[in-house]
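Here the structure is laid out as structure tokens; the discussion comes afterwards.
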Protein chains: 2
Amino acid sequence: MATLPTLPVPDSDLLRLDHQVCFSLHAASRAFGSVYRDALKELGLTYPQYLVMLVLWEHGPEPVKSIGERLRLDSGTLSPLLKRLEAAGLVHRERSPEDERSVTIRLTEAGEALRERALPVPRRIMAATGLTVDELRTLRSLLGRVTGALDEA
Amino acid sequence: MATLPTLPVPDSDLLRLDHQVCFSLHAASRAFGSVYRDALKELGLTYPQYLVMLVLWEHGPEPVKSIGERLRLDSGTLSPLLKRLEAAGLVHRERSPEDERSVTIRLTEAGEALRERALPVPRRIMAATGLTVDELRTLRSLLGRVTGALDEA
DNA sequence: TGCAACTAAGTTGTGCGCAACTCAATCGCA
DNA sequence: TGCGATTGAGTTGCGCACAACTTAGTTGCA
């Protein structure tokens, strides 16, 4: 199955492969975004906002810092996004008493309630991918390794 | 190796898997973007601008329409991007004589010349991914299938 | 103890991605 | 042939991503 190390891949093929991988990634990410956009429209959430809500639904109140670490987003992205979630009445922010620099994000009742309506979303997306569970696992694993390696560099 | 169809995957696992795949994709796409940003900085290109240049380097003058089809981008994204490439002196736009609605994008000499300096970029990215050629092929193939399936829906 | 280094969140500015729209050119068909 | 529908490019507006910066609070150590 594996390419024999003694059969070198031509240089030009490598360049094409790189372009194709990067481009596929870009395209796939946007294709997912588009399907999620449709699925989340009735909830009034964008895809990144949904990711933040997932973190809060799963882990409970969290400081901005750790939401950012989980989602690989910095305050420049999260601050305005959280402001919009707050304006929508889904979360509410409070300065941490023990560290005044830190702001804890907490779900409101409306934010908790939205969880029910969000439950059917992932299944719809899964079905739309057309991949088997095993393939999705392979994909997740490859993507995880790529991201890890790229973050090193 | 494959999961037996007779061993159903619990529902909650499916939901987690979906989240993980979508999130990994999102994260990987941004990780690639970040590495490309560094590699392209000295060329004065962003990653999407680089993708447009790749199309022009490979296919020669192209109308905005077909650049958009190749890259899965609409005029709302391409028009300002091309305006910036034009301002940078890399491309130049001309109305098509046979269809006055269409605008053909053509590389300037500076745009052609940039190709040389861009050649070493993909190899650097490939190395940074830490994946084998086979794994990259698998990744490309899975991503292509996902995008195709999602675009159906 | 005091002050420099660090840290968390927020702000500003730029570019991408996309929906919704405008405008002009072209097409198609009654 | 004329006129409504379609098409290609561009514009507007909003949200995300990120670099670079500011501000306020905390930490550590000389």
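In the text below, chain A, chain B and the rest are named by the order of the sequence lines, each starting its count at 1. The analysis underlying the following values was restricted to heavy atoms, covering all of them including side chains, and did not include hydrogens, waters or symmetry mates.
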Per-nucleotide protein contact string for nucleotides 9-14 of chain C (B base, S sugar-phosphate only, - none; heavy atom under 4.0 Å):
BBB---
Check side chain to side chain donor-acceptor pair (under 3.5 Å) between [X] and all other residues, then give those that pass, not counting sequence neighbours.
X: Arg72(B); result: Asp151(B)
X: Arg115(B); result: none
X: Glu100(B); result: none
X: Arg93(B); result: Glu86(B)

Interatomic distance where [atom1] belongs to [X] and [atom2] belongs to [N] [whole Å]:
X: Glu100(B); N: dC23(C); atom1: CD; atom2: C1'; result: 14 Å
X: Glu94(B); N: dA9(D); atom1: CD; atom2: C1'; result: 15 Å
X: Leu81(B); N: dT11(D); atom1: CG; atom2: P; result: 14 Å
X: His26(A); N: dA17(D); atom1: NE2; atom2: C1'; result: 12 Å
X: Phe23(B); N: dA17(D); atom1: CZ; atom2: C1'; result: 14 Å
X: Leu85(B); N: dG10(D); atom1: CG; atom2: P; result: 13 Å
X: Asp99(A); N: dA24(D); atom1: CG; atom2: C1'; result: 11 Å
X: Leu73(B); N: dG8(D); atom1: CG; atom2: P; result: 16 Å

Evaluate the salt bridge (Lys or Arg N to Asp or Glu O under 4.0 Å) criterion for residues Glu42(B) and Arg117(B): first the C-alpha distance (whole Å), next the side-chain angles of each, then the deciding distance (0.1 Å), finally the verdict.
CA-CA 9 Å; Glu42(B) 62 191 68; Arg117(B) 298 212 285 140; 5.1 Å; no
Residue pairs passing the side chain to side chain donor-acceptor pair (under 3.5 Å) test with at least one member in residues 101-112 of chain B, sequence neighbours excluded, are Glu94(B)-Arg106(B), Asp99(B)-Arg101(B)
Could you check Gln49(A) against Glu98(A) and say which one's nearest nucleotide on DNA chain D is further toward the 5' end?
Gln49(A)
Quick one: on DNA chain D, does Arg72(A) or Pro97(A) contact a more 5' nucleotide (nearest heavy atom)?
Arg72(A)
Can you tell me how far the OG atom of Ser141(A) sits from the CD atom of Gln20(B), to the nearest 0.5 Å?
11.5 Å
Applying ring-ring contact (aromatic ring centres under 6.0 Å, His included), name anything that partners Tyr47(B), two or more places apart in sequence or on another chain.
His26(A), Tyr36(B)
Not counting sequence neighbours, which residues clear side-chain contact (heavy atoms from CB on, under 4.5 Å) with Glu58(B)? List them please.
Arg16(A)
Could you identify which residues of residues 30-48 of chain A place a heavy atom less than 4.0 Å from some atom of DNA chain C, listed by residue number, or say none?
Arg30(A), Arg37(A)
